[in-house]
2 protein chains.
Amino acid sequence: MSYGYKIGSLPITTVQRLPNYLRLVRELQREGLEAVSSARLAETLRVEAIQIRKDFGYIGITGRPKTGYRVDELVDVIEQCLSWNRVQDAILVGAGNLGRALMGYRGFATHGLRIVAAFDVDPGITGESVNEISVHALSELAPIARRLKVRMAILTVSPEAAQAAADKLVDAGIEGIWNFTGKRLSVPDDVIIQDQDIATGLAVLSAKLTARAAPLR
Amino acid sequence: MSYGYKIGSLPITTVQRLPNYLRLVRELQREGLEAVSSARLAETLRVEAIQIRKDFGYIGITGRPKTGYRVDELVDVIEQCLSWNRVQDAILVGAGNLGRALMGYRGFATHGLRIVAAFDVDPGITGESVNEISVHALSELAPIARRLKVRMAILTVSPEAAQAAADKLVDAGIEGIWNFTGKRLSVPDDVIIQDQDIATGLAVLSAKLTARAAPLR
DNA sequence: GACTGTGAATCTATTCACAGCG
DNA sequence: CGCTGTGAATAGATTCACAGTC
């Protein structure tokens, strides 16, 4: 597990910055702006302009001196890069607090993500519909996922139930798991795990606050 | 905004890994294990053993040949490093789906985080209590935050309301904002912002899935 | 023999300097 | 000029090689 693993041919750090760029250039597009310079973007995004130019270079976007980059092109290419221009279907496992929050999150629409079904162990919940997404029993996971040809799953069960659920997802032929459980999952090598652990974010903030109170440098 | 900004004297990447280490060594501690080798930890965590040794070196933990690292010491030092051994009070702004999910999240207890009050614009919600945390009107934010001497805030309002809420937090003397809104906030330099943007996680997963379908290398 | 830990080497990402173009 | 874009320099993080210690 090396720290700078490239995806396709893009540095992972570049991929991580793409959503920020996209959000902003979409906004500029709505405002009717045709072209924008890296300096202008940098101002809003708190990223160095040179960094933006390098990133745009990586994804094959070329700008023009004096004018800058074409906004339409930026939107198209970045969306394509992230595959956010096509709808990606996903299932969600674990319809607790967090699961429901994600089912209700409207932002996914602009990220090409559609949650097509949810699953939960609790029989009190199954049968319900949350935000027009129906919640099924866990036993139905594999057949439904297979029938809908879903490749991606969002895992929001309790830490204790995480591994068992992951096993079910693997059996169902899921290729990528977005893991919100905070547990490290063991799965076959060809299944992609993306850990979304809020503890790491909190750790960085805690450490910065501490350093601020008693600056060590 | 350089990519490897150090916190205190620790590499930021090390800080990000600390929660993983802590989770595991706490578990081992509960199991009554006294010492553990970096190789053993590496096996479970899918991180290279040498990386773990380097990280432990950075935070000043020293192990012993043949035996490994003392589990108790690991727990103590890592907790101290993250300031998760003392309780840090925080307020939460935006008691919608996500806000409620976080208010109900039991894991914060083991991260030294306690949400002492919540705030929301919606008068239909204010006055309620979610998980024993009472929800107040936004106008009460500054006085309450000041009285309770809260340094940290969790921001879970809608993107549109994000900047206005951030301004209120700054006025209330908040020093660190954990930003779940996906909006880039502009605040004075001495206020620390930690962005917790799920879009970046999704971006990485999307890109990996795409690369997997048509491996570019 | 089984581990840690350090200094050097490597790899990755960021930033700089400046050439090139409209 | 004002901006992009490239190749070189720097900074940062990981990994290697191996010496040291229990």
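Below, chains carry the letters A, B, ... as their sequence lines are ordered, and counting in each starts from 1.
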Is it true that the side chains of [X] and [Y] contain a donor and an acceptor less than 3.5 Å apart?
X      : Y     : value
B:N20  : B:R23 : yes
B:T210 : A:S83 : yes
B:D76  : B:Q80 : no

Does A:R184 pair with A:D195 as a salt bridge, N-O distance under 4.0 Å?
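Looking at A:R184 and A:D195, the cut-off is met.
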Atom-to-atom span, [atom1] of [X] to [atom2] of [N] - whole angstrom:
X     : N      : atom1 : atom2 : result
B:I52 : C:dG5  : CD1   : C1'   : 14 Å
B:Q16 : D:dA13 : CD    : C1'   : 12 Å
A:Y58 : C:dA13 : OH    : P     : 7 Å
B:L41 : C:dG5  : CG    : C1'   : 16 Å
A:E43 : D:dC3  : CD    : P     : 11 Å
B:R17 : D:dT15 : CZ    : C1'   : 12 Å
A:L45 : C:dT14 : CG    : C1'   : 17 Å
A:I12 : C:dA13 : CD1   : C1'   : 12 Å

May I have the step-by-step check of side chain to side chain contact (heavy atoms under 4.5 Å, CB included) for A:L10 and A:I59, ending in yes or no?
CA-CA 7 Å; A:L10 298 179; A:I59 61 178; 3.8 Å; yes
Work out how much the helix from C:dG1-D:dC22 to C:dG22-D:dC1 bends between its end axes, five pairs an end, to the nearest 10 degrees.
0°
Go through the structure and list residues passing side chain to side chain contact (heavy atoms under 4.5 Å, CB included) with B:A161, not counting sequence neighbours.
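With neighbours one apart ignored, the set is B:V157, B:S158.
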Using the side chain to side chain donor-acceptor pair (under 3.5 Å) criterion, which residues pair with A:T14? Sequence neighbours excluded.
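Partners of A:T14 under the side chain to side chain donor-acceptor pair (under 3.5 Å) test: A:D55.
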Show me the pairs that pass ring-ring contact (aromatic ring centres under 6.0 Å, His included) and involve residues 6-46 of chain B, at least two apart or across chains.
B:Y21-B:F56
Only pairs at least two apart or in different chains count here, so list each ring-ring contact (aromatic ring centres under 6.0 Å, His included) that has a residue in residues 72-96 of chain B.
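As it turns out, the ring-ring contact (aromatic ring centres under 6.0 Å, His included) pairs with a partner in residues 72-96 of chain B, which skip direct neighbours, are B:W84-B:H111.
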Please list each protein N or O that sits under 3.5 Å from an N or O in nucleotides 4-8 of chain D, with the distance.
| from | atom 1 | to | atom 2 | distance (Å) |
| --- | --- | --- | --- | --- |
| D:dT4 | OP1 | A:S38 | N | 2.9 |
| D:dT4 | OP2 | A:S38 | OG | 2.8 |
| D:dT4 | O3' | A:G63 | O | 3.4 |
| D:dG5 | OP1 | A:T62 | OG1 | 2.4 |
| D:dG5 | OP1 | A:G63 | N | 2.8 |
| D:dG5 | OP1 | A:G63 | O | 3.2 |
| D:dG5 | OP2 | A:G63 | N | 3.3 |
| D:dG5 | OP2 | A:Y69 | OH | 2.9 |
| D:dG5 | N7 | A:R53 | NE | 2.9 |
| D:dG5 | O6 | A:R53 | NH2 | 3.1 |
| D:dG7 | O6 | A:K54 | NZ | 3.2 |

OP1 or OP2 of D:dT15 under 4.0 Å from side-chain N/O of B:Q51
yes
